[in-house]
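Numbered from 1 within each chain, the chains take letters A, B, ... in sequence-line order. Quick caveat: nothing in here was measured; it's all calculated off a predicted structure.
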Amino acid sequence: MVNITFPDGNIKAFENAPTGLDVARGISEGFARNCVAMELDQTLVDLNREITRDARVRLVTTKDAEGLEVLRHSAAHVMAQAILRLYPEAKLTIGPAVEEGFYYDIDMDPVSEEDFPKIEEEIKKIIRAKLPIRRREVSKAQALEFYRDEPYKLEMLSQMEDGTISFYEQGEFTDLCRGPHVPHTGFVKAIKLVKVSGAYWRADPTRAQLQRIYGTAFFTQQELEAYLTFVEEAKKRNHRKIGQALDLFSFHDEAAGMPFFHPKGMEIWNALLEYWRLEHRAAGYVETKTPIMLNRALWEKSGHWDNYRENMYTSVIDDTEYAIKPMNCPGGMLVYGSKPHSYKDLPLRAAEIGLVHRHELSGVLSGLFRVRAFHQDDAHIFMTPDQIQDEILGVLHLVERIYSTFGLGFHLELSTRPEKSIGTDAQWEHATNGLKSALDVYGREYKINEGDGAFYGPKIDVHIKDALGRTWQCGTVQLDMALPERFNLTYIGKDNEKHRPLMIHRVIYGSIERFLGILIEHFAGKFPLWMAPVQAAILPINDDLVPYAQQVKADFDQAGLCTEIDSRTESLNRKIREAQLNYVPLILTIGGKEKESGTLAVRTLDGKIKYGVTHETFLDTVQAHIHRRELSLPIFQD
RNA sequence: GCCAGCGUAGCUCAGCUGGUAGAGCAACUGAUUUGUAAUCAGUGGGCCGGGGGUUCGAGUCCCUCCGCUGGCUCCA
């Protein structure tokens, strides 16, 4: 007799030792068909595991996140089985489930995506066979014997504790695995191989290069197709593609990883910064600017020479070593230290749009997302110890305000002291607690990443969520108790004594280049009016109307709008089509009627047309819309 | 940096087993003077990423460099 306690508190008695499947069937056959694993006293195990004593059981179904993870892990096994059938000499290493699917690292001759159909064919055979997946437990000695010709598995085994080792078997295939797995291979019906790449064994470049084959799997074909559609949509939104199509920026071999911004890209850039300055002024910031090149002594003082040199561009000028700044902070320290400060000056919020250079590995460069030269919307906040919480809260509120303007959600993560770091234990503790207490007051949930902090202090990272649901780390708030010390920064307190200020580094856009890239993908190139590179296209319907159209454009120029006139001798249809394809939010067609009546025909990007809009109404509407930085298209009254 | 794939006209791409480069769009010229997503015709345009090699002959094969794209511990 075994008593099973369900998550809702109900208890049910079973004869003998039921399996998870028996328990599920006790609820209903239909429910049982959707079960893939179970949580037995907090541990995820196979559905066919026998329950031999009283326990708490939660059945994991195809609807649960853990269920999908189990499926994908099983999918990795199915793929490995197929590959071993086709490439018997292949040696398996590890094959985990990952966020978007799974992969298996295999030591074999290079394969390419052209080999996928063949592998997928074999995978289908295994799925159709509905091979039962069985767990088998053996001693470590037996496992070592079984894997005597499998060097990677042997290495893995040697690092495991002595005792019971579990294997999973399906048909002729056996793999060392802790499980759990779905009951049989028939569950893996919606599977697709995605890509292949190289990966080192144990991520160690000195060790064997393996083939990492990625795939993804879902419980239904529909979910798989929805995922593939998502991937397609993300491809369409690729900022490199849109950036080229809209003539926003380019890259050149002459400066790999360093973007060149074109006039239209600069329109967006300037709109971003104009808005940024407005918000920062309102939040009590001042702005500074420091040189991009500073001498070695400065970097030794800041600690960068010891901790960050491999990423810094250096040069020798008049026998003195210089480095191009990878961060703005040391320059900011010098500005603060250039004159005495009173406690009455604090907090001092000094922002800087700083151009930094970092020598990233050539292989990691990627459009605007990973570059070697970029601008940070940096700020250094100098304060007294009792101002920590308010200042961090102030930054979090500014972050929230700015991201919401773009329709971006976000979540927070706290990172603590890494192994390679400067400062004392006491400083780290004080700094970390300061961030925690501010987060608690702020009230949103946050995740903790142990050991992920910067070398000079703990940090709060802000991860935004874009229109496709993808997350990107942009903002960061870092408390630094080390740099003020190294630069001997002080302020005069009420007691007329010198005190050490505390400092926050923070960015909100992060890298402006990268943030712009994210926005391109977030908006799919269809920027809201206030940041559109061309806000309105003016299209005269024939050559005779060009002079009048130019007059209209001149009025708009005066009003501060960014407009373009298409005076080519082309059909109106063509001009409209091209403006639409360039995502110009407003299209103004100028014909005889508009000239005579002094009105405008306004076509918005959604294809809606409003005739007879007066110039005054148009400008009032557009300017108010821009001023409010609205995300949706403006609506015009007659 | 490492592995794989890629680099042909401004853009997107074709060019079989080596035989001397082609399309669509764009640009330019001319005609058309257009009322809400492509008017028609013609013309020009290429150190086939750079360098070296094999060959009678290289966009095509080999080496090397540069660049781009994807990946490079979510660890049985």
For this session: Mark yes or no for a side-chain to base donor-acceptor pair under 3.5 Å between A:Asp543 and B:rU33, with no hydrogen or angle criteria applied.
Result: yes

Quick one: does A:Gln211 reach the base of B:rG71 with a side-chain donor-acceptor pair under 3.5 Å? no

query = What does A:Glu594 touch in the nucleic acid at a heavy-atom separation under 4.0 angstrom: a base, only the sugar-phosphate, or nothing?
reply = base

Q.
Does either side chain, that of A:Asp175 or that of A:Tyr104, offer a donor lying less than 3.5 Å from an acceptor on the other one?
A. yes

From CG of A:Asp606 across to C1' of B:rA37 the rounded distance in Å is 14 Å

Once you apply a heavy-atom cut-off of 4.0 Å, does A:Lys593 come out as touching a base, just sugar-phosphate, or nothing? base

Discussion item. Give me the distance, rounded to whole Å, that separates B:rA14 from B:rG53 when you measure between the C1' atoms they each carry.
Written reply: 28 Å

Taking the P atom in each of B:rU64 and B:rC3, what is the distance between them to the nearest angstrom?
11 Å

Regarding the side chain of A:Thr569, the nearest nucleotide among B:rU36, B:rU34, B:rG71 is B:rU34

Checking B:rG70, B:rG35, B:rG1 against the side chain of A:Ser366 (C-beta onward), the nearest is B:rG70

Rounded distance in Å between the P positions of B:rG44 and B:rA21 = 16 Å

Measure distances between side-chain N and O atoms of A:Arg603 and base N and O atoms of B:rA37, and say whether any donor-acceptor pair falls under 3.5 Å.
yes

Query raised in the report: Under 4.0 Å between a side-chain N or O of A:Asn573 and OP1 or OP2 of B:rA38?
Result: yes

Between CG of A:Asn542 and C1' of B:rU33 the distance, given in whole Å, is 5 Å

A:His239 NE2 to B:rU69 C1', in whole Å, measures 12 Å

Cationic tip of A:Lys91 above A:Tyr152 ring, under 6.0 Å, 45° of axis
no

Check: Do A:Tyr200 and B:rC2 share a donor-acceptor pair, side chain to base, under 3.5 Å?
Finding: yes

note: A:Tyr548, atom OH; B:rG35, atom P; distance rounded to Å ~ 19 Å

Side-chain contact check for A:Ser197: nearest option of B:rA37, B:rG35, B:rG71 is B:rG71

Aromatic ring centroids of A:Phe167 and A:Tyr147 under 6.0 Å?
yes

From the candidates B:rG1, B:rU36, B:rG35, the one with an atom nearest any side-chain atom of A:Leu361 is B:rG1

Q | Nearest-angstrom distance, P atom, B:rC16 to B:rG52 | A | 25 Å

Is the count of non-hydrogen atoms from other residues, nucleotides or ligands lying under 6.0 Å from A:Leu468 atom CG greater than 12?
yes

*Examine A:Tyr227 together with A:Phe218 and report whether their ring centres are nearer than 6.0 Å.*
yes

Between A:Arg135 and A:Tyr168, is NZ or CZ placed under 6.0 angstrom from the six-membered ring centre and within 45° of the ring axis?
-> no

What's the gap between B:rG57 and B:rC25 when it is taken at their C1' atoms, as a whole Å value?
34 Å

Quick check: any donor-acceptor pair below 3.5 Å linking the side-chain of A:Ser571 to the base of B:rU39?
no

With the side chain defined as heavy atoms from C-beta on, A:Arg574 is closest, among B:rC74, B:rA26, B:rU36, to B:rA26

Quick one: is B:rG71 close enough that its OP1 or OP2 comes under 4.0 Å of any side-chain N or O from A:Lys195? yes

RNA chain B in dot-bracket form (Watson-Crick or G-U pairs under 3.5 Å, [ ] crossing, | inter-strand) is (((((((..((((.....[..)))).(((((.......))))).....(((((..]....))))))))))))....

Atom CZ of A:Arg568 and atom P of B:rC28 are separated, to the nearest Å, by 9 Å

_Between B:rU39 and B:rU33, how many Å separate the two P atoms, rounded to a whole number?_
14 Å

Query raised in the report: What distance, rounded to whole Å, do you find between the two P atoms, one in B:rU29 and one in B:rC61?
Result: 41 Å

Does either side chain, that of A:Asp247 or that of A:His262, offer a donor lying less than 3.5 Å from an acceptor on the other one?
yes

With sugar-phosphate meaning primed atoms plus P, OP1 and OP2, does A:Leu365 contact a base, only sugar-phosphate, or nothing at under 4.0 Å between heavy atoms? sugar-phosphate

- Classify the nucleic acid contact of A:Val196 as base, sugar-phosphate or nothing, counting any heavy atom under 4.0 Å across all strands shown. nothing

For A:Ala97, report the nucleic acid contact type (base, sugar-phosphate, nothing); a contact means any heavy atom under 4.0 Å.
sugar-phosphate

Against the six-membered ring of A:Tyr313, is A:Arg372 placed for a cation-pi contact (under 6.0 Å from the centre, within 45° of the normal)? no

B:rC47 versus B:rA58 - spacing of their C1' atoms, nearest Å | 14 Å

Of B:rG71, B:rG35, B:rG1, the nucleotide closest to the side chain of A:Tyr214 is B:rG71

Report task. Kindly indicate whether the side chain of A:Lys153, heavy atoms from C-beta on, has any atom under 4.5 Å from the side chain of A:Phe146. Result -> no

Checklist entry - What nucleic acid atoms does A:Leu581 come within less than 4.0 Å of, heavy atoms only: base, sugar-phosphate, or nothing? => result base

For the base of B:rC75, is there a side-chain donor-acceptor partner from A:Arg202 under 3.5 Å away? yes

* Reckon A:Gly367 touches a base, only the sugar-phosphate, or nothing at all at heavy-atom distances under 4.0 Å? -> sugar-phosphate

Legend entry - Sugar-phosphate only, base, or nothing, as touched by A:Gly179 at under 4.0 Å among non-hydrogen atoms: nothing

Side-chain contact check for A:Ile609: nearest option of B:rG35, B:rG71, B:rU36 is B:rU36

### Query
Is it true that the side chains of A:Gln81 and A:Glu122 contain a donor and an acceptor less than 3.5 Å apart?
no

For B:rG10 and A:Gln244 - does any side-chain N or O of the residue sit under 4.0 Å from the phosphate oxygens OP1/OP2? no

Answer yes or no: does a side-chain N or O of A:Arg240 lie under 4.0 Å from OP1 or OP2 of B:rG70?
yes

Just checking, any donor-acceptor pair under 3.5 angstrom between side chains of A:Ser250 and A:His252? yes

